[in-house]
> 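Structure provided below as C-alpha cells; questions to follow.
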Amino acid sequence: MSKKRSLDFAGKEIDVRFDGRLCIHVGECGHSAGDLFVADRQPWCMPDLVSKEEVREIIERCPSGALTYTDKAGIPEAPPAENSLTVAYNGPLYLTGDLEIEGAGDDMPGVRFRAALCRCGASKNKPFCDNSHIEAKFEDYGAVGEKGPGLTATGGKLGVELRPDGPLVLTGNLSIRAGTGRLAWQGDKAFLCRCGASKNKPFCDGTHKKVGFKG
C-alpha cells in the first residue's frame, strides 16, 4: 500500500481516510467481510457499499490508527472504556484507549485512540512501528512476568511520553495483556522498553544506556 501521507475516500454518510505513514499491513481492513475494502479495486475503499455502522466498526479494528473516519452526522469515534496494551509476539506494542501520545499532531487523528508502538528499537518512524522488527529479526514472544499494583478504574486519559534515548513512560490507568491475550499487569504508571534489549520486556531495565539506544 502507498506510503502517501493520506488518501481520502468519500461516502454519502461517512468518509474514510488512510494514513500511509502508520500502516503496518495487519490486514484487519482487507480481510474484513463485505465490499468496503477490496484489494486491486480502484478505489480500494468504497464507503457507500456497506452500512455506515459497518464502516465505523471495521475502521475501529485498525490497530495502528492508519484508518479513520468522519461520520457526517457528527458522531465521532469514542475512546474505549479501558486503556489497554497488548505485547505482540515478535512485534509492536498495540495500544488502545484515550491516548495522548507525545509528538502526535492533529494530522494523525487515528493515534488518538489506537496505535502500534515500536519496541524493537529499529523503526524509522518512532515512536510508531514501521515493521522494522521483521528485518531486524526481533524476537520476543510477549510474555509478561509482573502483575503491577492494580487499578481502581480502567479508563481516562493515558499519557505516552518518549524519554530521550530511553523508555516509553505511560501515565494513567493501564491494563497490559501478554502476547497470549492474558491480562497480566495493571497499574497507573509503566516504563516500557523501546530499545529492544531489556531483559525484562516489555518493561525497561535500563539496558538502553548500555546499548547506546538513540531515539
Side-chain angles (χ1 to χ4, degrees), residues 1-38 43-88 91-118 125 127-130 151 153-162 168 170-177 181 183 188:
M1 194 60 61
S2 169
K3 284 294 182 182
K4 285 180 63 177
R5 188 180 185 87
S6 65
L7 296 172
D8 294 297
F9 305 95
K12 294 177 182 177
E13 295 185 287
I14 192 167
D15 298 336
V16 172
R17 171 165 288 193
F18 169 75
D19 187 338
R21 297 170 297 172
L22 296 170
C23 181
I24 55 173
H25 307 291
V26 171
E28 287 283 6
C29 56
H31 289 288
S32 61
D35 294 325
L36 177 59
F37 292 98
V38 175
W44 66 283
C45 175
M46 298 182 70
D48 289 340
L49 295 186
V50 299
S51 69
K52 179 175 72 171
E53 291 72 24
E54 189 172 357
V55 172
R56 292 170 61 102
E57 192 275 327
I58 292 172
I59 298 307
E60 290 178 17
R61 296 179 196 175
C62 175
S64 68
L67 288 169
T68 53
Y69 60 78
T70 301
D71 189 320
K72 294 181 179 180
I75 304 171
E77 181 174 351
E82 176 186 58
N83 297 322
S84 178
L85 182 147
T86 298
V87 185
L93 300 169
Y94 289 121
L95 187 61
T96 61
D98 194 353
L99 311 179
E100 294 183 340
I101 300 175
E102 180 181 356
D106 293 338
D107 65 334
M108 286 185 170
V111 300
R112 181 70 182 77
F113 305 116
R114 300 169 273 122
L117 303 179
C118 173
N125 190 33
F128 305 108
C129 174
D130 67 356
L151 289 174
T154 58
K157 299 289 185 183
L158 183 69
V160 182
E161 174 193 355
L162 283 66
L168 288 167
L170 274 60
T171 304
N173 299 321
L174 177 65
S175 298
I176 297 179
R177 287 174 167 76
L183 177 58
D188 59 11

> So Val111 and Leu99, do their side chains get closer than 4.5 Å, heavy atoms only?
no

> For the OG atom of Ser84 and the CG atom of Leu183, what is their distance to the nearest 0.5 Å?
8.0 Å

> Please report the shortest heavy-atom distance between Pro63 and Glu28, naming the atom on each side.
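Smallest interatomic distance, heavy atoms only, reads CD-CG, 4.3 Å.
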
> Between atom OG1 of Thr96 and atom CG of Asn83, what is the distance when rounded to the nearest 0.5 Å?
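Separation between the atoms: 7.5 Å.
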
> I want to check something: taking the side chain as every heavy atom from C-beta on, are Cys129 and Leu117 in contact at a cut-off of under 4.5 Å?
no

> Among Arg17, Lys52, Glu60, exactly one meets side chain to side chain donor-acceptor pair (under 3.5 Å) together with Tyr69. Which residue is that?
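When Arg17, Lys52, Glu60 are each tested with Tyr69, the side chain to side chain donor-acceptor pair (under 3.5 Å) holds only for Glu60.
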
> Between OG of Ser6 and CE of Met108, what distance do you get to the nearest 0.5 Å?
11.0 Å

> State, to 0.1 Å, how close Cys62 and Leu67 come at their nearest heavy-atom pair, and which atoms those are.
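Taking every non-hydrogen atom into account, SG-N, 3.6 Å.
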
> Of all heavy-atom pairs between Ile58 and Ala33, which one has the smallest distance, and what is that distance?
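Shortest heavy-atom contact: CD1-O, 4.3 Å.
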
> Considering all heavy atoms of both residues, which atom of Leu158 and which atom of Asn173 are nearest to each other, and what is their separation?
CD1-O, 3.8 Å

> Are Leu93 and Leu168 packed together at the side-chain level, in the sense that at least one heavy-atom pair is separated by less than 4.5 angstrom?
yes

> Side-chain contact test, heavy atoms from C-beta onward, threshold under 4.5 Å: evaluate it for Phe37 versus Ile59 and give yes or no.
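The answer is yes, as the side chains (C-beta and beyond) meet within the 4.5 Å cut-off.
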
> A side-chain contact here means heavy atoms from C-beta on lying under 4.5 Å apart; do Ser64 and Val26 qualify?
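No, too far: nothing below the 4.5 Å cut-off.
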
> Out of curiosity, Glu13 CD to Thr70 OG1, how far, rounded to the nearest 0.5 Å?
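Answer for the CD-OG1 pair, Glu13 versus Thr70, is 14.0 Å.
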
> Taking all non-hydrogen atoms of both residues, which atom of Ala115 and which atom of Ile101 are closest, and how far apart?
CB-CD1, 3.7 Å

> Filter on salt bridge (Lys or Arg N to Asp or Glu O under 4.0 Å), then keep only pairs touching residues 106-117, sequence neighbours left out; what's left?
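Counting only pairs at least two positions apart or across chains, the salt bridge (Lys or Arg N to Asp or Glu O under 4.0 Å) contacts touching residues 106-117 are Arg5-Asp107, Arg21-Asp107, Glu77-Arg114, Asp98-Arg112.
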
> As an exercise, state the distance from CG of Leu85 to OG of Ser175, rounded to the nearest 0.5 Å.
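Answer for the CG-OG pair, Leu85 versus Ser175, is 10.0 Å.
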
> How close do Ala116 and Ile24 get, heavy atom to heavy atom, and via which atoms?
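Answer, listing the atom of Ala116 first, then Ile24: CB-CD1, 3.8 Å.
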
> From Glu54 CD over to Asp35 CG, what is the distance, rounded to the nearest 0.5 angstrom?
9.0 Å

> If you define the side chain from C-beta out and look only at heavy atoms, does anything of Glu57 sit under 4.5 Å from Arg61?
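In short, these two side chains touch, coming nearer than 4.5 Å.
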
> Run the side-chain contact (heavy atoms from CB on, under 4.5 Å) check on Asp8 and Asp15 step by step: do they pass?
CA-CA 7 Å; Asp8 294 297; Asp15 298 336; over 6 Å; no

> Decide yes or no for Leu174 and Leu95: does some side-chain heavy atom of the first lie under 4.5 Å from some side-chain heavy atom of the second?
yes

> Partners of Tyr94 by ring-ring contact (aromatic ring centres under 6.0 Å, His included), sequence neighbours excluded?
none

> Using the six-membered ring wherever Trp is involved, compare the ring planes of Phe18 and Trp44 and label them parallel, tilted or perpendicular (cut-offs 30° and 60°).
perpendicular

> Do Asp19 and Thr68 have side chains that approach each other closer than 4.5 Å (heavy atoms only, starting at C-beta)?
no

